[in-house]
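Only a predicted model underlies this, so the values are computations on that prediction, with no experimental measurement involved. Atoms within each ligand, like the ligands themselves, are counted from 1 in listed order.
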Amino acid sequence: MTVTSPAPAAIAALHTGLYIDGRWGPAASGATFAVTNPATGALLTHVADGGIDDARRALDSASRQQARWAATPPRTRSEILYRAYDLIVERADEIAAVMTAEMGKPLAEARGEVAYGAEFFRWFAEEAVRIGGDHTTTGDGANRIVVSKQPVGPCILITPWNFPLAMGTRKIGPAIAAGCTMVFKPAELTPLTALLLAAILAEAGLPDGVLNMVTTSDPAAVVGEWMSSGAARKVSFTGSTEVGKTLLRQAAGTVMRTSMELGGNAPFIVCADADLDRAVDGLMVAKMRNMGQACTAANRIFVHRNVIDEFTGKLAEQMKALVVGDGSVAGTQVGPLVEAAAVDKVTTLVDDALGRGARVMTGGVRPDGPGHFYPPTVLTDVHPDSELMRTEIFGPVAALTPFGSTESDGIDEVLTLANDTPWGLVGYAYTQDVDRADRLSDALQVGMVGINTGLVSNPAAPFGGVKESGLGREGGRLGIEEFLDVKYVARPIRGAAG
Ligand code: NAD
């Protein structure tokens with residue numbers, strides 16, 4: 001159902017064209033596509049719908065600027081990032097309002113993402129002036145080995161809709177710091193936050209052509225053009241494993257560097273000795289951040305049999321108390337899902353679990369429109385063969401499965417269950433026993449582990465997964481390395497023996 005609601009003033013003031021070579025303009029075809037508000041169905045605005053000609057122009061611009069940008073002093077690149085950080089912080093309310101309007105998360109969460117997203121610029125402003133190398137001699141003492149780092153070259157950046165600001169800054173920050181130029185394609189469901197970000201970077205003094213942005217309703221065409229051109233030297237992608245695999249195959253064509261931040265299927269393990277209140281609070285974050293639409297979302301919740309009844313009761317109470325509604329309304333804690341198809345998917349997954357014997361403790365009934373809402377839901381006795389154990393739920397549904405017994409801590413059993421997935425992004429475990437925590441941390445097949453916490457994301461930490469959750473790391477000390485090539489220079493030492 002479509003209802004009208006006034007778009008925030010910030011949206012009316014946005015540039016809605018393509019941003020290429022420092023200029024805003026329409027798509028070559030003149031086409032546009034609509035952006036709507038998932039809480040109401042209201043049309044927010046139209047943005048330029050870029051095609052292959054626009055993609056080519058954007059990558060030409062990035063290629064032309066690469067050598068000059070690489071030669072820019074690191075301090076200059078750092079200062080641009082600091083200015084962009086300051087501008088994002090100054091304009092936090094405006095950015096949050098745009099984000100909430102286009103993707104639905106409550107304003108308080110949107111402000112949280114703005115703060116988190118801005119931090120990547122500050123972090124990489126600090127990293128830009130700390131790019132190091134190495135200097136040693138060969139074993140026989142006859143040669144110097146001088147190792148330096150150089151920007152990889154023009155990069156393709158592709159981001160999903162669920163964190164429209166932070167997924168952009170997590171890539172653009174290190175690319176700027178390293179001296180790479182970019183072509184950037186934000187998700188078609190949430191282009192507005194990205195448009196605002198590009199405008200902020202221009203205001204911060206980023207030279208023309210360093211960042212080129214193409215919004216499009218045909219990502220395969222635009223990105224396919226970039227991937228096959230031979231001019232781009234790196235692709236950094238955040239999104240589904242399925243699209244990531246397509247890009248990996250395409251990257252093989254030009255042997256391009258790749259960073260892949262893909263899907264997850266996080267286990268959340270509550271041991272018998274856990275502090276249950278702390279575990280419930282942690283699960284509320286790990287499950288409900290972004291209405292469950294996060295790659296880090298707790299997807300499979302394994303609770304020791306001795307404590308599952310008490311844990312489920314406490315969890316259901318907190319889930320039931322959440323205020324669901326339009327994220328732009330004060331007090332809303334749970335917004336809509338991003339689109340109707342997302343609600344269809346969650347409904348099908350819940351029905352499948354119920355058909356296999358799960359029980360609903362709260363929620364589980366899809367409301368009527370308008371908006372793409374699904375209620376906070378707790379399911380218990382979820383059978384391990386249920387479809388929602390094998391796929392990202394991407395919705396506000398907590399699926400609980402018991403493990404262990406009165407005689408056993410069940411750690412071997414739960415590790416087998418937790419690792420029985422092709423994904424390996426993050427795992428969470430609650431226990432007060434340090435040896436058990438070490439055992440779980442060591443054996444979980446994931447890139448990140450949260451022990452007694454439901455939140456692992458931090459600009460200072462290396463974010464990323466193993467198995468089909470991806471390749472490479474974003475943030476932390478490793479984040480900039482993804483945008484740097486290593487060069488080794490051999491120089492004989494005059495007069496050395498040998
Ligand atoms: P998606 O893969 O459908 O889309 C991601 C991006 O890829 C979008 O910009 C989209 O336009 C683009 N795209 C789609 N088809 C393409 C194609 N054929 N060629 C090139 N680009 C294409 O994912 P989504 O639905 O936007 O995001 C949700 C997914 O992202 C989930 O699987 C989630 O786990 C994952 N995610 C991962 C991380 C992480 O850091 N690991 C973070 C956030 C989201």
Side-chain angles (χ1 to χ4, degrees), residues 33 35 38 47 49-50 52 55 102-103 105 113 116-117 120 156-171 183-191 193-194 213-228 232 235-251 253 256 258-266 289-299 337-339 341-342 345 391-395 421-426 446-448 456-459 461-476 479 482:
F33 65 95
V35 184
V47 303
D49 195 356
I52 287 178
E102 68 175 343
M103 75 75 58
K105 69 180 70 183
E113 182 181 337
Y116 169 59
F120 284 104
I156 303 169
L157 311 182
I158 308 163
T159 53
W161 49 264
N162 58 350
F163 293 94
L165 183 78
M167 297 302 97
T169 57
R170 204 163 77 170
K171 298 183 189 308
V183 286
F184 172 33
K185 195 212 76 61
E188 52 273 38
L189 288 170
T190 57
T193 307
M213 190 168 96
V214 177
T215 48
T216 180
S217 66
D218 190 355
V222 165
V223 177
E225 170 63 27
W226 290 339
M227 294 295 291
S228 61
V235 58
S236 177
F237 171 75
T238 300
S240 62
T241 296
E242 192 190 342
V243 173
K245 287 180 182 177
T246 301
L247 294 173
L248 283 168
R249 280 190 287 269
Q250 293 175 349
M256 199 186 290
T258 61
S259 296
M260 294 283 146
E261 296 288 351
L262 309 178
N265 185 1
R289 186 167 173 232
N290 225 20
M291 293 75 74
Q293 302 170 118
C295 53
T296 50
N299 206 62
L337 301 190
V338 74
E339 57 180 344
K345 176 183 166 190
T391 187
E392 290 182 292
I393 301 171
F394 251 54
T421 169
W423 284 284
L425 188 60
V426 58
V446 292
M448 302 175 287
V456 294
S457 309
N458 191 291
F463 189 102
V466 299
K467 295 161 80 177
E468 294 195 11
S469 287
L471 299 167
R473 293 294 179 270
E474 289 191 324
E482 301 276 329

So do Thr238 and Phe163 actually touch side chain to side chain, heavy atoms under 4.5 Å?
-> no
By ring pair (Phe, Tyr, Trp, His ring centres under 6.0 Å), which residues pair with Phe394, not counting sequence neighbours?
-> Trp161
Which residues satisfy the ring pair (Phe, Tyr, Trp, His ring centres under 6.0 Å) test with Phe120, sequence neighbours excluded?
-> Tyr116
Ion pair Lys171/Glu474, N-O distance below 4.0 Å | yes
Mind checking the CZ-OG1 spacing from Arg170 to Thr159? Nearest 0.5 Å is all I need.
-> 10.5 Å
Could you pull out every N or O of ligand 1 that sits under 3.5 Å from a protein N or O, with the distance for each pair?
{"residue": "ligand 1", "atom": "2 (O)", "partner": "Ser240", "partner atom": "N", "Å": "2.8"}
{"residue": "ligand 1", "atom": "2 (O)", "partner": "Ser240", "partner atom": "OG", "Å": "2.6"}
{"residue": "ligand 1", "atom": "9 (O)", "partner": "Thr159", "partner atom": "O", "Å": "2.7"}
{"residue": "ligand 1", "atom": "9 (O)", "partner": "Lys185", "partner atom": "NZ", "Å": "3.0"}
{"residue": "ligand 1", "atom": "11 (O)", "partner": "Lys185", "partner atom": "NZ", "Å": "2.9"}
{"residue": "ligand 1", "atom": "11 (O)", "partner": "Glu188", "partner atom": "OE1", "Å": "2.5"}
{"residue": "ligand 1", "atom": "23 (O)", "partner": "Ser240", "partner atom": "N", "Å": "3.4"}
{"residue": "ligand 1", "atom": "25 (O)", "partner": "Trp161", "partner atom": "NE1", "Å": "2.9"}
{"residue": "ligand 1", "atom": "26 (O)", "partner": "Trp161", "partner atom": "NE1", "Å": "3.2"}
{"residue": "ligand 1", "atom": "30 (O)", "partner": "Gly239", "partner atom": "O", "Å": "3.4"}
{"residue": "ligand 1", "atom": "32 (O)", "partner": "Glu392", "partner atom": "OE1", "Å": "2.7"}
{"residue": "ligand 1", "atom": "34 (O)", "partner": "Glu392", "partner atom": "OE1", "Å": "3.4"}
{"residue": "ligand 1", "atom": "34 (O)", "partner": "Glu392", "partner atom": "OE2", "Å": "2.5"}
{"residue": "ligand 1", "atom": "40 (O)", "partner": "Arg170", "partner atom": "NH2", "Å": "2.8"}
{"residue": "ligand 1", "atom": "41 (N)", "partner": "Leu262", "partner atom": "N", "Å": "3.3"}
{"residue": "ligand 1", "atom": "41 (N)", "partner": "Leu262", "partner atom": "O", "Å": "2.8"}

Show me the donor-acceptor pairs within less than 3.5 Å that the side chains of residues 244-251 make with the rest of the protein, sequence neighbours left out.
{"residue": "Lys245", "atom": "NZ", "partner": "Glu468", "partner atom": "OE1", "Å": "3.0"}
{"residue": "Thr246", "atom": "OG1", "partner": "Glu242", "partner atom": "O", "Å": "3.3"}

